[in-house]
Amino acid sequence: MIEVRGLYKRHGTLEVLRDVSFSVERGKVAAVIGPSGSGKSTLLRCINGLERFERGEVRVGELVLVPDASSRAGAAVLAAVRKKVGFVFQQFNLFPHLDVLGNIIEAPVHVLGKSRKEAEADAEQLLARVDLSAKTRAFPHQLSGGQQQRVAIARALAMHPDVLLFDEPTSALDPLMASEVMSVISSLAKAGQTMVVVTHQLGLVRAVADTVHVFAEATRVEHGPTESVFAEPQHETTRAFLRKLAEW
Ligand code: ADP
Ligand code: MG
């Protein structure tokens, strides 16, 4: 479903991703872990076309992003990728002036051209999936962080994306709210949603990830099935990182 090959990205003279390869099969969940500044968010942003890159290739299903996406064909691919790849941010990023329903139907109506009625019916179902049916008419400021993040997940699902990317979805939440969000992510994993989850929460990795990919200093230093990476980490960065997280 996702195939990244030889991805190279820099900001000025700073190398942010050095020849990164990364793939996720359809229906599987990949966790990306690693210290701050190692390029995890940038990888996600390259996968959904929010960020350009200098070399390499990003493939999502049949769509291929290449370094020069400025041509007309490139722009069409970019638009298609953004429809197929959903993104959930650490800080939720809900539209503050829209209620929950308004947040969820915005893109289906304006990007996909769905009727309001159809989009609302779908939104009701998605809200049930994230256990927020009672909050349809609430505004973001009236919701807890955990509730806002679950609305953000429903909003991403409303596009029926092939892939969902999560960038530290529980980092801004206290443990109770984090666990509400983690259980929603788990249920999506069980339903076969292809996902990439950047997180520092080892419990979440254990619960949902088929594979773990460890980043350090702009590159992937280790990857493999979750159990084997946790049981026998090969790289010193992985060992140090797992030790540090286990201490919390
Ligand atoms: P992570 O998500 O692993 O913390 P990021 O992908 O956010 O890492 O960032 C990787 C590196 O790229 C960091 O050193 C960061 O400071 C740098 N960086 C990210 N975005 C920009 C930008 N727009 N301009 C300059 N440097 C950036
Ligand atoms: Mg980040």
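Counting starts at 1 for both ligands and their atoms, following the listed order. Bear in mind the structure is a predicted one, so any value in this text is a computation, not a measurement.
Inside a sphere of radius 2.8 Å centred on the Mg ion (ligand 2), the protein N/O/S atoms present are Ser41 OG.
Checking side-chain atoms of Glu168 against main-chain N and O of Val198 turns up no donor-acceptor pair under 3.5 Å.
Distance from atom 1 (P) of ligand 1 to its nearest protein heavy atom, with residue and atom name: Gly37 N, 3.4 Å. For atom 7 (O) of ligand 1, the closest heavy atom belonging to the protein is Ser41 CB, 3.7 Å.
For the side chain to side chain donor-acceptor pair (under 3.5 Å) test, no residue two or more places apart in sequence or in another chain qualifies with Glu54.
Taking the six-membered ring where tryptophan is involved, the planes of Phe22 and His213 are perpendicular, since the angle between them exceeds 60° and thus also 30°.
Contact annotation: for Val16 versus ligand 1, heavy atoms closer than 4.0 Å belong to the side chain alone.
The pair Arg5-Asp19 does not count as a salt bridge, with every side-chain nitrogen at least 4.0 angstrom from each carboxylate oxygen.
Closest heavy-atom approach to atom 21 (C) of ligand 1 among the candidates Gln90, His11, Lys40, Glu168: His11. In this comparison of Leu17, Val32, Thr42, the heavy atom closest to atom 5 (P) of ligand 1 sits on Thr42.
For atom 16 (O) of ligand 1, no protein heavy-atom neighbour is present inside the 4.0 Å cut-off.
Results of the side-chain contact (heavy atoms from CB on, under 4.5 Å) test with Asp167 over Val32, Leu43, Leu44 single out Leu44 as the only residue that passes.
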